[in-house]
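The chains referred to below are lettered A, B, ... by the order of the sequence lines, with proteins before strands, and numbering in each begins at 1.
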Amino acid sequence: MSLRFYNTMTRSLEEFKPIKPDEVRMYTCGPTVYAPAHVGNYRAYMFEDILRRYLIYKGYRVTQVMNLTDIDDKTIRDSNAKGITLNEHTQPIKDMFFEDIDRLNIQRAEYYPAATEHIGEMVAMVEKLLERGHAYRSGDSIYYKISSFPNYGSLSHMKIEDLMAGARIDSDEYEKETASDFALWKGWTEKDGAVFWETSLGKGRPGWHIECSAMSMKYLGEQFDIHTGGVDNIFPHHENEIAQSEGVTGDKFVNYWLHNAHLILDSKKMAKSEGNFITVKELTEQGHDPLAIRFVLLSTHYRQQLNFTMDGLGAAKAAITRLRDFKSNVESASGSGDGIAVNEAIEKAVRGFEEGLDNDLNISPSVAAVFDFVRDINSIIADNGLSASEKESVLENLKKFDSVLGVIFVDESGLDAEIEEMIQKRLNARKNKDFQTADEIRDALLSKGIILEDTPTGTKWKRKIS
RNA sequence: GGCGGCUUAGCCAAGUGGUAAGGCGGAGGUCUGCAAAACCUCUAUUCUCCGGUUCGAAUCCGGAAGCCGCCUCCA
């Protein structure tokens with residue numbers, strides 16, 4: 001089966017055909033670094049990670065760009081409130097973002113352009129939009145003239161005249177011809193403080209939407225394959241990006257628009273503005289394994305709202321524990337095996353895994369296929385064990401599944417000498433049938449997060465997933 | 001007011017016309033010094049509700065209820 005995506009633009013499932021046959025270029029909406037990202041934000045980055053990993057799994061060469069929005073009303077507001085420079089405010093938040101990305105085992109994109117480093121590109125775009133009659137100057141600011149772009153609203157499928165009049169339109173100090181026009185360049189005002197650029201457009205700063213048009217086209221070209229983000233970005237952000245980009249090139253901007261649904265906490269969208277959020281760092285500091293968070297975020301289809309609960313996190317821990325135990329079972333298996341059954345199990349698993357993800361990254365059936373695989377192979381191991389070559393192909397396939405899931409094969413640091421010594425002591429005690437001492441040692445190790453398992457092939461240990 | 005989505009077991013979650021995947025949790029059994037892991041068996045006669053279409057509906061149509069999101073700087 002071929003890969004299909006639900007395209008927000010057409011509101012239908014479409015077969016994915018990249019512009020260049022073996023290469024995918026995609027722009028994935030990144031964080032606004034005014035405050036640390038929360039788990040809900042990472043739902044988007046996790047979806048983008050699964051997308052990226054599955055494209056690579058399918059054999060595509062991927063060029064991914066993720067923006068870092070380090071200039072907007074909030075970054076200015078917060079840095080001025082603290083009396084520090086914009087960069088002093090945003091840099092630590094950028095650092096935290098990358099720490100979280102690593103914790104969650106999210107693969108790095110090829111480019112992480114920051115808005116403040118692309119002012120020149122943005123200015124050039126705005127100039128072109130002025131030339132082409134899509135923009136106008138009003139006071140010290142420049143606005144996009146929506147009425148000049150007939151396709152406006154095609155992504156969100158909304159008509160401008162249907163928007164609730166006055167719903168949330170700023171009563172700001174800028175003068176716009178019509179309320180729905182949006183700022184490309186904002187002339188400096190006092191509350192911007194030291195944040196401004198002197199450019200051919202005047203003294204000021206870019207509007208929010210222009211950065212994504214400028215940076216995506218710089219790194220990916222005037223037309224590229226995939227653009228992603230949260231559903232909240234469909235309107236106005238992505239709608240405006242299309243207007244800006246196509247206003248400049250006169251050509252189609254993006255072929256596939258993919259949007260993820262929100263994470264829900266206490267039956268509300270997790271959001272900084274609602275105050276109902278929790279960060280990856282906080283959960284990690286509470287002792288939760290970040291890969292359990294990863295599993296929670298990835299195991300529900302990206303277009304489905306996901307309710308974040310501690311129960312769910314607990315279930316995720318148990319699930320990845322089972323997957324890792326399986327890996328360890330396979331690694332220590334021996335025996336004659338049953339070539340046919342193993343191959344059949346692998347084929348079935350690969351088919352199920354790919355069928356799900358091919359279908360608009362519908363990951364639930366794919367995860368189910370992996371768990372079926374676990375039971376099938378465990379059952380074979382229990383009956384006949386595995387031959388050396390079977391072991392190898394089972395592990396190879398598991399690794400392949402995990403190249404998308406990213407929760408099974410993780411670096412585990414070795415044991416301290418002290419723990420090693422305790423395991424040895426316990427082995428001796430067991431040999432002498434001193435089970436009381438043996439159990440005491442096992443309990444002591446458990447309290448350090450080390451689980452021991454006595455198996456026919458010897459004592460194994462693993463780290464407890466908390 | 002406009003646009004969109006959701007409602008399947010104790011919890012999470014697949015399934016878009018052919019008789020309910022998978023995970024977690026729970027119950028029983030095998031194995032084990034005891035555990036753990038693993039394996040085996042069981043755990044939704046039914047899909048929010050009410051009508052309709054059909055030989056057949058969780059799936060299609062109509063209606064109702066509840067929940068959520070977007071509607072100008074939110075992932």
field: Value in whole Å for how far the C1' atom of G5(B) lies from NE2 of His301(A)
entry: 12 Å
message: Taking only the C1' atom of each, what is the distance from C3(B) to G10(B) in whole angstrom?
response: 36 Å
query: If we call it a pair only when both distances are under 3.5 Å in a Watson-Crick or G-U wobble match, what pairs with G17(B)?
result: none
- prompt: Do other residues, nucleotides or ligands put more than 12 heavy atoms under 6.0 Å from the CD atom of Gln436(A)?
  reply: no
task: Indicate whether the side chain of Thr437(A) and that of Asp434(A) have a donor and an acceptor atom separated by less than 3.5 Å.
output: yes
query: Separation of Met158(A) atom CE from G2(B) atom P, in whole Å?
result: 14 Å
- request: Answer with base, sugar-phosphate or nothing: what part of the nucleic acid does Phe326(A) contact at a heavy-atom distance below 4.0 Å?
  value: nothing
query: Should G22(B) form a Watson-Crick or G-U wobble pair with both distances under 3.5 Å, which nucleotide is its partner?
result: C12(B)
- line: When both distances are under 3.5 Å in a Watson-Crick or G-U wobble arrangement, the nucleotide paired with G62(B) is C50(B)
message: Would you measure the distance from the P atom in U43(B) across to the matching atom in A37(B) and give it in whole Å?
response: 23 Å
message: Under 6.0 Å from the ring centre and within 45 degrees of the ring axis: does the NZ or CZ of Lys203(A) meet both conditions for the six-membered ring of Phe196(A)?
response: yes
N/O-N/O pairs, protein side and nucleotides 7-11 of chain B side, under 3.5 Å:
none

task: Give one of base, sugar-phosphate or nothing for Lys433(A), where a contact means two heavy atoms less than 4.0 Å apart.
output: nothing
field: Base-pairing mate for A27(B) - Watson-Crick or G-U, with both contacts under 3.5 Å
entry: U41(B)
task: Under 4.0 Å between any heavy atoms, over every strand shown, what does Lys460(A) touch: base, sugar-phosphate, or nothing? Just pick one.
output: nothing
query: Are Asp73(A) and Tyr34(A) close enough that a side-chain donor and a side-chain acceptor fall under 3.5 Å?
result: no
field: N/O donor-acceptor pair under 3.5 Å between Arg294(A) side chain and Leu104(A) backbone
entry: yes
query: CZ of Phe308(A) versus C1' of C68(B): gap in Å, rounded?
result: 18 Å
query: Under the 6.0 Å and 45° cation-pi test, does Lys348(A) pair with Phe373(A)?
result: no
Distance, rounded to the nearest Å, where Met310(A) contributes CE and C12(B) contributes C1': 15 Å
message: Regarding Asp454(A), tell me which of base, sugar-phosphate or nothing describes its non-hydrogen contacts under 4.0 Å with the strands shown.
response: base
- prompt: Just wondering, more than 12 heavy atoms not from Lys464(A) lying within 6.0 Å of its NZ?
  reply: no
- request: Both distances under 3.5 Å, Watson-Crick or G-U wobble: report the partner of C67(B), or none.
  value: G5(B)
- prompt: When all nucleic acid strands are considered with a 4.0 Å heavy-atom cut-off, which category describes Asp325(A): base, sugar-phosphate, or nothing?
  reply: sugar-phosphate
query: Which is true for Phe435(A) with a 4.0 Å heavy-atom rule: it touches a base, it touches only sugar-phosphate, or it touches nothing?
result: base
task: Assign Leu263(A) to base, sugar-phosphate, or nothing according to its heavy-atom contacts below 4.0 angstrom with the strands shown.
output: base
task: Provide the distance between the two C1' atoms, one in U59(B) and one in U8(B), to the nearest whole Å.
output: 12 Å
task: Using a 4.0 Å heavy-atom cut-off across all strands, classify Arg303(A) as base, sugar-phosphate, or nothing.
output: nothing
message: Students often get this wrong, so: under 4.0 angstrom with heavy atoms, is Lys272(A) touching a base, only sugar-phosphate, or nothing?
response: sugar-phosphate
task: Could you check how far CG of Leu323(A) sits from P of G23(B), rounded to whole Å?
output: 10 Å
statement: Shortest non-hydrogen pair, Ala438(A) vs Ala429(A), comes out as N-CB, 4.1 Å
